[in-house]
Structures are given as structure tokens and as C-alpha cells.
Amino acid sequence: QVQLVESGGGLVQAGGSLRLSCAASGRTFSSYVMGWFRQAPGKEREFVAAISWSGGSTYYADFVKGRFAISRDNAKNTVYLQMNSLKPEDTAVYYCAASSIATITDLQYEYPYWGQGTQVTVSS
């Protein structure tokens, strides 16, 4: 079991940056693949980025490549999402999630553990 708590969301102007954090409880954080997903109003939740347990491998949705960066600090039980060059279409609730599978994935059903989400709003 792992509990996840996101923070760092807020209101930012287009072109700005935010860094989201996701703090995990439990002693086995370093064994989990971690992912970020988002859900915009009226839309389905979608994959944003994922990182392997070691941090050595990352995977991004095409729409965030070159703008967002996922990282993790296993000593702090925390995963981050650095978001740069934000656009109004990035407005959404952002969720972190944990998976115990061996490889990084963008499949939501592979992530049994989810945080409560943090709101990101990008104004034009």
C-alpha cells in the first residue's frame, strides 16, 4: 500500500512554470513506477509522464515533450513534475499514481494507487 499526496498546483499565466510534487508514504516507494496524469473539465483523464523506479527511464505524452520533466527523489519518497512553457490547454487536475509493475507504462489500469489531485490553471 502507498498513499500519495500532490501539491504545487495553482494559477499561472501562459508561458509560465510550475513544479508539482507528489509525496508518498510507505517504505517501498523506490520499488514503484510513478506516473502523472491529468483530467481537464469535460474530458477523460489522460497520461502525462511516467518514471521508472530508479529514475533512469522516463516516458512522456507527445503533447508535453520538451516542456515537462518528471523526476524522483527516492530518499524523499517524492516524485516531481516540472512544467514549463505552460499553455491554457494544460489546465487540468493533475494526479500522481503508483504502479508495482516492472516497466513504465501509460496505461491507467496498471496504476492502482492514486493521489487526490492538484489543480493547475493556466490563464491566457
Side-chain angles (χ1 to χ4, degrees):
Q1 282 276 353
V2 60
Q3 284 78 46
L4 305 171
V5 179
E6 302 96 335
S7 61
L11 174 64
V12 63
Q13 289 188 332
S17 299
L18 282 175
R19 188 176 82 154
L20 306 183
S21 299
C22 174
S25 66
R27 295 175 292 176
T28 59
F29 172 77
S30 61
S31 66
Y32 288 97
V33 166
M34 299 299 296
W36 285 97
F37 294 79
R38 71 185 188 185
Q39 187 167 21
K43 295 187 178 181
E44 294 187 351
R45 190 164 58 188
E46 62 183 354
F47 170 76
V48 176
I51 189 166
S52 62
W53 62 269
S54 68
S57 296
T58 56
Y59 178 53
Y60 296 94
D62 287 344
F63 55 80
V64 301
K65 284 181 180 177
R67 299 190 299 125
F68 291 10
I70 188 171
S71 61
R72 67 190 297 162
D73 185 338
N74 287 341
K76 295 182 177 180
N77 280 13
T78 302
V79 63
Y80 305 97
L81 185 68
Q82 178 67 44
M83 306 186 294
N84 300 324
S85 302
L86 283 162
K87 306 175 182 179
E89 51 265 43
D90 293 319
T91 295
V93 176
Y94 284 72
Y95 300 90
C96 73
S99 173
S100 58
I101 64 171
T103 58
I104 55 177
T105 178
D106 59 356
L107 300 174
Q108 295 189 42
Y109 66 80
E110 295 283 12
Y111 292 85
Y113 307 110
W114 292 80
Q116 83 290 347
T118 186
Q119 176 71 47
V120 171
T121 303
V122 184
S123 63
S124 57

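The residues of the chain are indexed from 1 along the displayed sequence.
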Any donor-acceptor pair under 3.5 Å linking the side chain of [X] with the backbone of [Y]?
X      : Y      : answer
Asp106 : Gly35  : no
Ser99  : Glu110 : yes
Tyr80  : Ala69  : no
Tyr60  : Ile70  : yes

How many angstroms lie between [atom1] in [X] and [atom2] in [Y], if you round to the nearest 0.5 Å?
X     : Y     : atom1 : atom2 : value
Arg67 : Ser85 : CZ    : OG    : 7.0 Å
Leu18 : Leu11 : CG    : CG    : 9.0 Å
Trp53 : Ser31 : CH2   : OG    : 9.5 Å
Asn84 : Arg19 : CG    : CZ    : 11.5 Å
Tyr32 : Asn74 : OH    : CG    : 12.5 Å

Next item on the list: Hey, can you tell me if Trp114 and Tyr95 have their rings parallel, tilted or perpendicular (30° and 60° cut-offs)?
Entry: perpendicular
Next item on the list: Kindly assign one of parallel, tilted or perpendicular to the pair Phe47 and Phe37, based on the angle between their ring planes and the thresholds 30° and 60°.
Entry: perpendicular
Next item on the list: Give the C-alpha distance, both sets of side-chain angles, the deciding distance and a yes or no for salt bridge (Lys or Arg N to Asp or Glu O under 4.0 Å) between Lys65 and Asp62.
Entry: CA-CA 5 Å; Lys65 284 181 180 177; Asp62 287 344; 3.1 Å; yes
Checklist line | Val79 to Met34 - nearest heavy-atom pair and separation | finding: CG1-CE, 3.9 Å
Check: Does OH in Tyr59 sit with more than 12 non-hydrogen atoms of other residues, nucleotides or ligands closer than 6.0 Å?
Finding: no
Check: Pick from Gln108, Gln39, Arg38: which one makes a side chain to side chain donor-acceptor pair (under 3.5 Å) with Glu46?
Finding: Arg38
Cut-off 3.5 Å, no hydrogens considered: what does the side-chain donor-acceptor table look like for residues 117-124, sequence neighbours left out?
from, atom 1, to, atom 2, distance (Å)
Thr118, OG1, Gly9, N, 3.2
Gln119, NE2, Ala92, O, 3.4
Gln119, NE2, Thr121, OG1, 3.3

Note to self: Would you say that Thr105 contacts Tyr111 through its side chain, given a criterion of any heavy-atom pair below 4.5 Å between the two side chains?
What the structure shows: yes
Next item on the list: Answer yes or no for Arg72 and Phe29: cation-pi contact, defined as NZ/CZ to six-membered ring centre under 6.0 Å and angle to ring axis within 45°.
Entry: yes
Margin query: If you apply the rule side-chain contact (heavy atoms from CB on, under 4.5 Å), what do you find for Glu89 with Phe63, and how did you get there?
Written below: CA-CA 10 Å; Glu89 51 265 43; Phe63 55 80; over 6 Å; no
